[in-house]
Amino acid sequence: VWVVDENVDNLESCAQITESAELLQKNEVVAFPTETVYGLGGNALSEIAIAKIFKAKGRPADNPLIVHVSSVSQLDQLVKHIPESARPLIEAFWPGPLTIVMPGGAQVASNVTAGLDTVAIRMPDHPVARALIHKSGIPLAAPSANLSGKPSPTTAAHVYEDLKGRIAGVVDGGPTGVGVESTVVDCTGDVVTILRPGGITREQLEEVVGKVSVDPALSNEGQAPKSPGVKYKHYAPQAPFTLVEGDTEAIQSLVNEAKTEGKKVGVLATEESKHHYDADLVISCGTRKDLATVANRLYDVLRAFDKENVDVIYGETFPTSGMGEAVMNRLMKAANGRIIKKEFLGN
Ligand code: TXA
Ligand code: MG
C-alpha cells in the first residue's frame, strides 16, 4: 500500500505515483482512488493486463469495464466517434462521476468491452487518479476494486481486505467523496439512456440534454439489462438484508421478532432515526436532509455489518429522487430485491 498526500505540490513526481505508473506500464494491476470508489486499474490497450483485473476480482468475463482517461484527446484511440449527444455531457460533467457508452474503437483490448462494439469511458475527478493516468500515459480500464459481489471499496483498507495478495498494490488517497459509482449513460442511441444511476443525478443530466430515458431493466426484473454488470448480485453483506418501508416502529417490530429467535440484529438507520432503535448494531449512514451523505457512507456501513457478524439486517428506504435514485438502486441490490412494502405490514 502506497500512501499519497494529494496536497503535495507535484503529485506526478511523487514516488508512489511513479512506481504505480511503472507497474501499469508493465501491464500489472494497481488499485487507486477516484472521487466515486476505488478502482482496480490496468492498461486498457492490453489483454494481458485486463485478464489480470478479471482474475483478481473474480469477475464474470461478460461484464465489461470502464476506461478512465485524463484528457478528452485520449478518446481518439478509444472510440470510433464521439456521438453528438455525448459532447454536451462531456462538457458539463467531465471530470466527474459520469461514464459515457460510445461506439468502440479498434485499439481497446477486446476483454475490456466483453466483446461489445461499444466502450464505456469516464474522466475521473480525483487528483490521484488523474495524475496516475497522465503519468502512466495509458488509458486505464478500472472496475471497482472489490471482490466481485462485495460492496465497492471507498477506502484503501476496503481494497486491502478484498484484494491483498491478488494485485500489485494500492495507492491510498484517503476515503472517496461521492461514495457510490459513476452514473453510466448510453449515448449510442437516439436518446441518452441511463444504464446505471450514480453520482450524477437524472435531474442534472436532464438540465443539460433534456429528457433522458432509463434502461427498463433497472425497474423490471425480467428484462436483460443493457449494462451487463447490473444483472449480477452485488454489494451484498453476508447476513440477509431486508429493506422496510414505513416507520421506525415497523422496523423495530421486525427487530424484536428476530431477537426472540436469538438472532444478532443490525439496523441500517439515519441520523434522524438511529436513537429510535433497540438492536444489537444500529448504524447511521447519514442524514435524510442530504442523501449525498448516505451515498458517501453506504458501502462502509454495509461492510461494517459483516465485521460484527450480525445474523440479519433491516434497513430504511429512501425517496428515489436526486442521489436517492443511486442509493435505492444499490440498497435494492444489497438486499437482493427483498423489500417489505408498507401495505404488507400487519398494522
Ligand atoms: O465510479 C465508477 O464507475 C467506478 C470507478 C472505479 O470509476 N467503476 C465502476 O466499475 O463502478 P464497475 O466495473 O464496477 O462497473 C462498470 C459498469 C458495469 O455495470 C458494466 O456492465 C457497465 O459499467 N459497462 C461497462 N462497459 C459497458 C458497455 N460497453 N455498455 C454498457 N455497460 C457497460
Ligand atoms: Mg463494481
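All ligand and atom numbering here is 1-based and tracks the order in the structure.
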Note to self: Does the structure place the NZ or CZ of Arg288 under 6.0 Å from the centre of the six-membered ring of Phe318, at an angle of no more than 45° from the ring's axis?
What the structure shows: yes
Next item on the list: May I ask you to check whether Thr34 has an N/O atom sitting below 3.5 Å from an N/O atom of ligand 1?
Entry: no
Item checked: Any N, O or S atom of Ser144 closer than 2.8 Å to the Mg ion (ligand 2) -> yes
Margin query: If the cut-off is 4.0 Å to any non-hydrogen atom of Ala142, which atoms of ligand 1 fall inside it?
Written below: 6 (C), 8 (N), 10 (O)
Next item on the list: Would you confirm whether Gln252, through its side chain, and Asp278, through its main-chain N or O, come within 3.5 Å as a donor-acceptor pair?
Entry: yes
Margin query: Does the residue Pro97 have a heavy-atom contact with ligand 1, meaning some pair of atoms that are separated by less than 4.0 Å?
Written below: no
Checklist line | Main-chain N/O of Gly266 paired to Asp280 side chain as donor or acceptor, under 3.5 Å | finding: no
Item checked: His68: numbered ligand 1 atoms lying under 4.0 Å from its heavy atoms -> 5 (C), 6 (C), 7 (O)
Notebook entry, point to check: Among Thr118, Val37, Val184, whose heavy atom sits nearest atom 30 (N) of ligand 1?
Noted result: Thr118
Next item on the list: Quick one: do Asn146 and His158 satisfy side-chain hydrogen bond (donor to acceptor under 3.5 Å, both in side chains)? Show the steps, please.
Entry: CA-CA 8 Å; Asn146 50 286; His158 295 162; over 6 Å; no
Check: Is it the side chain, the backbone, both or neither of Asn63 that has a heavy atom closer than 4.0 Å to ligand 1?
Finding: side chain
Next item on the list: Identify, by atom number and element, the atoms of ligand 1 in contact range of Leu116, meaning under 4.0 Å from any of its heavy atoms.
Entry: 28 (C), 29 (N), 30 (N)
Check: Hey, looking at atom 14 (O) of ligand 1, which of Ser144, Ala141, Ser148 has the closest heavy atom?
Finding: Ser144
Margin query: For ligand 1 and Arg122, I'd like to know whether there is a polar contact (N/O to N/O, distance under 3.5 Å).
Written below: yes
Next item on the list: Under 4.0 Å from a heavy atom of Gly39: give me the atoms of ligand 1 that qualify, with their elements.
Entry: 6 (C)
Notebook entry, point to check: Side chain, backbone, both or neither: which part of Glu35 has a heavy atom under 4.0 Å from ligand 1?
Noted result: neither
Notebook entry, point to check: Does any N/O atom on Ser182 come nearer than 3.5 Å to any N/O atom on ligand 1?
Noted result: yes
Notebook entry, point to check: Heavy-atom count around Asp190 CG within 6.0 Å, excluding the residue itself: above 12?
Noted result: no
Check: Is the shortest distance from a heavy atom of Thr113 to ligand 1 less than 4.0 Å?
Finding: no
Notebook entry, point to check: In terms of side-chain geometry, is the basic nitrogen of Arg122 or Glu35 positioned less than 4.0 Å from the acidic oxygen of its partner?
Noted result: yes
Next item on the list: Spell out, yes or no, whether Ile48 and Val29 are grouped together once hydrophobic residues are joined by side-chain heavy atoms under 4.5 Å, including indirect joins.
Entry: no
Check: With the threshold set at 4.0 Å, does a side-chain nitrogen-carboxylate oxygen contact exist between Glu28 and Lys26?
Finding: no
Note to self: Measuring from atom CZ of Arg297 to atom OG1 of Thr287, what distance do you get when rounded to the nearest 0.5 angstrom?
What the structure shows: 12.0 Å
Margin query: Just so I know, are the side chains of Leu268 and Phe241 near enough to count as touching, which here means a heavy-atom distance under 4.5 Å?
Written below: yes
Check: Any idea which atoms of ligand 1 are less than 4.0 Å away from a heavy-atom of Pro143?
Finding: 10 (O), 12 (P), 13 (O)
